[in-house]
Number of protein chains: 2
Amino acid sequence: MDPHLLRRFVAVAGHGSFSAAARELGYTQSAVSQHIAALEKDLGAVLLQRRPVAPTGVGVRLLEHARPLLLRWDAARADMARLTTAPATRIVLGVAPLAMTAWLSSTLADLRGAQPGLDVTVRVLGRAALTRDVATAAVDLGLVDGMAAPADPLQLPDTGLLTTTALAEEPLAVALPAGHPLADRAGLRLADLADAQWIEAPDTAIPLAPLRTASGSDGYRSSLRYEGTDVRGLTALIAAGHGLALLPQREFDDLPGIRAVPVRTPRLVHRIEALHHEMPDGPAARLAAALVAAS
Amino acid sequence: MDPHLLRRFVAVAGHGSFSAAARELGYTQSAVSQHIAALEKDLGAVLLQRRPVAPTGVGVRLLEHARPLLLRWDAARADMARLTTAPATRIVLGVAPLAMTAWLSSTLADLRGAQPGLDVTVRVLGRAALTRDVATAAVDLGLVDGMAAPADPLQLPDTGLLTTTALAEEPLAVALPAGHPLADRAGLRLADLADAQWIEAPDTAIPLAPLRTASGSDGYRSSLRYEGTDVRGLTALIAAGHGLALLPQREFDDLPGIRAVPVRTPRLVHRIEALHHEMPDGPAARLAAALVAAS
DNA sequence: TCGCGTTACGAGGGTCGTAAAAATT
DNA sequence: AATTTTTACGACCCTCGTAACGCGA
């Protein structure tokens with residue numbers, strides 16, 4: 001169960017093709033084929049169905065182990081690399097779409113005003129990419145978001161020695177098209193909308209899967225999936241009646257065609273946390289501290 | 001950063017000796033030396049001081065990554081092995097010392113009475129060994145314990161796809177020798193004992209490190225360390241005045257020379273959880289379900 | 001027949017043990 | 001001087017790419 005073999009297995013399963021994975025990884029199809037064969041022999045089970053290429057039951061299970069495992073692996077590597085390298089002067093700030101707030105913009109303006117040499121890249125990333133890039137140190141500081149009970153921390157994939165700090169909590173609301181029967185309520189119970197039509201926007205809105213597990217219900221189904229990190233695109237779909245989504249209430253302050261009705265029960269908030277490696281002193285550490293101080 | 005290399009690094013650091021680690025692993029000293037050299041070259045940093053052999057700063061950091069990483073790795077391997085193997089008929093039940101309760105004994109008696117073919121090994125293990133052995137499937141079902149806020153889950157090292165289920169919560173008490181000034185109180189504030197003399201018994205009582213981090217204080221110091229899983233040995237040391245320890249209150253019902261004073265603030269409980277892989281149907285799965293049902 | 005995955009085989013590189021050297025106590 | 005770690009070197013094995021093969025659309 002070599003990590004390299006595991007990584008290739010994940011790639012093949014992801015691409016649904018040996019050749020595509022081989023191209024991406026810079027190997028021959030033959031080599032990739034041998035890797036998968038070796039892994040299957042090692043584990044004593046067929047991991048992939050061929051033609052079409054799709055993971056078997058055992059393969060799916062292995063994927064569930066492999067993805068977080070490899071993420072942790074990369075995080076460890078990146079952390080070791082940081083220890084032996086000088087801190088960069090250019091800071092990459094990774095931001096989840098819903099963490100890209102007016103507060104962040106103005107705080108960043110203040111910081112850059114006070115410190116003219118501060119050289120920052122702001123990079124908006126989806127949830128999976130953001131935690132991955134923080135883990136692998138492709139971004140120095142990540143502003144992640146999600147749903148949580150008030151004062152509870154976010155449930156993030158475990159990446160080892162990363163540090164999280166709470167930055168903000170705000171009311172969570174259901175985004176409804178203006179004409180929706182519930183659109184003029186002052187607040188609502190989430191369970192009343194379990195059977196509504198939802199939009200699955202895993203990188204932009206709150207993903208639906210945790211809603212289902214939290215409520216124990218089978219509802220919150222979606223027939224439209226929105227991939228991307230542009231909130232305006234999502235709100236346009238909601239306004240057009242394609243379905244509902246969970247967003248922080250402030251996102252709607254100036255949007256026509258949408259009503260944001262706060263979720264009253266269960267008690268849930270939209271939460272933003274800073275995620276980063278324990279940083280030696282440097283620009284990234286100072287930025288992190290300043291954001292926390294300003295929150 | 002091969003897992004094998006990492007494993008050997010952990011072994012060498014643990015033994016404080018290349019030769020001892022080599023003996024344990026069935027390699028030559030030479031090979032182990034080459035492994036460490038390769039790892040150090042790969043990471044571009046010296047990981048171990050030689051003569052005496054001790055981890056450097058970077059090495060310590062790597063150990064912090066490596067130990068949980070390898071545990072997860074083993075857990076994934078064990079889980080895959082389970083999927084391709086028939087469930088065993090003999091069940092190994094791993095139990096933390098403080099989870100070895102009268103309730104467990106009688107529940108187990110009931111279960112074995114109802115099901116005569118049930119073949120069980122009860123194995124008392126310290127905290128680190130227990131989570132490790134559950135992860136690697138050396139035990140089928142682990143009863144782990146620890147300190148937590150009421151209704152909060154235990155903080156366990158992340159081992160991937162393991163499942164936990166709450167079994168019991170009980171009052172947490174400070175074990176004091178009978179003559180102690182606070183021994184006759186009905187309850188006490190933990191902070192009042194921050195400067196007392198404690199006994200560090202990581203496998204038997206509540207470890208002191210989480211107390212320090214939770215309280216943010218530097219107190220709860222110990223000058224006596226108790227290694228082992230025998231609660232009676234620890235209570236004997238407490239009765240003799242070597243120091244204090246945190247234990248569930250029931251442990252003292254019949255012990256002379258000791259007073260158990262419940263901790264009133266902060267609100268904390270001793271909690272027992274069942275820890276196991278998602279099990280296919282089999283004796284282990286049935287035992288887990290029965291224990292949860294009886295709790 | 002074409003596209004894709006598997007198998008056969010050989011070159012190259014990496015890993016281990018033996019043995020000798022170096023360093024610390 | 002003894003013990004422990006490092007280095008040198010050679011045998012072995014493993015991995016990758018090329019190329020031939022098998023198989024399904």
Side-chain angles (χ1 to χ4, degrees), chain A residues 1-60 62-63 66 69-70 73-74 77 80 84, chain B residues 1-60 62-63 66 69-70 73-74 77 80 84:
Chain A
M1 224 177 78
D2 195 85
H4 297 271
L5 296 187
L6 225 49
R7 218 174 280 276
R8 276 147 224 184
F9 169 63
V10 172
V12 172
H15 281 91
S17 152
F18 283 63
S19 347
R23 271 193 299 278
E24 188 203 50
L25 301 166
Y27 284 99
T28 330
Q29 296 120 322
S30 166
V32 174
S33 184
Q34 293 177 57
H35 297 157
I36 302 297
L39 192 58
E40 289 184 329
K41 189 186 161 195
D42 175 30
L43 295 177
V46 178
L47 299 172
L48 291 169
Q49 223 173 33
R50 323 297 155 96
R51 255 181 248 273
V53 173
T56 62
V58 180
V60 168
L62 181 59
L63 282 174
L69 205 41
L70 292 173
W73 198 268
D74 293 338
R77 264 214 85 92
M80 297 310 290
T84 57
Chain B
M1 223 176 79
D2 196 86
H4 298 272
L5 296 187
L6 225 49
R7 218 175 281 274
R8 275 149 223 184
F9 169 63
V10 172
V12 172
H15 280 89
S17 155
F18 283 63
S19 345
R23 271 193 299 279
E24 188 203 51
L25 300 166
Y27 283 98
T28 332
Q29 295 118 322
S30 167
V32 174
S33 182
Q34 293 177 56
H35 296 156
I36 302 298
L39 191 57
E40 289 184 329
K41 189 186 159 195
D42 176 29
L43 296 177
V46 178
L47 299 173
L48 291 169
Q49 223 172 32
R50 322 297 155 95
R51 267 179 231 273
V53 172
T56 63
V58 180
V60 168
L62 181 58
L63 282 174
L69 205 41
L70 292 173
W73 197 267
D74 293 338
R77 264 216 85 91
M80 296 311 289
T84 56

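Each chain gets a letter, A, B and so on, in the order the sequences are listed, and its residues count up from 1.
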Fill in the blank from the handout: So CZ of A:Arg77 and CE of B:Met1: to nearest 0.5 Å the spacing works out to 6.0 Å
Of the listed nucleotides ([options]), which one gets closest to any side-chain atom of [X]?
X: B:His35; options: C:dG17, C:dG5, C:dC16; result: C:dC16
X: B:Arg8; options: C:dG17, C:dC16, C:dA8; result: C:dC16
X: B:Val53; options: C:dC16, D:dT5, C:dA8; result: D:dT5
X: B:Ser30; options: D:dT7, C:dC16, D:dC16; result: D:dT7
X: B:Ser19; options: C:dT6, D:dT4, D:dT7; result: D:dT4
X: B:Tyr27; options: D:dT5, C:dC16, D:dC16; result: C:dC16

Problem - Contact check, side chains of A:Leu5 and A:Asp42, non-hydrogen atoms, under 4.5 Å - result: no
Practice task
Figure out the CD/C1' separation between A:Gln29 and C:dT7, and round it to whole Å.
Solution key: 14 Å
Practice task
Measure from CG on A:Leu39 to P on D:dC14 and round the result to the nearest Å.
Solution key: 16 Å
Exercise for the section: Look at the aromatic rings of A:Trp73 and B:Trp73 and report parallel, tilted or perpendicular, splitting at 30° and 60°. Expected result: tilted
Exercise for the section: Report the residue from B:Ile36, B:Leu43, B:Val32 that forms a side-chain contact (heavy atoms from CB on, under 4.5 Å) with B:Phe9. Expected result: B:Ile36
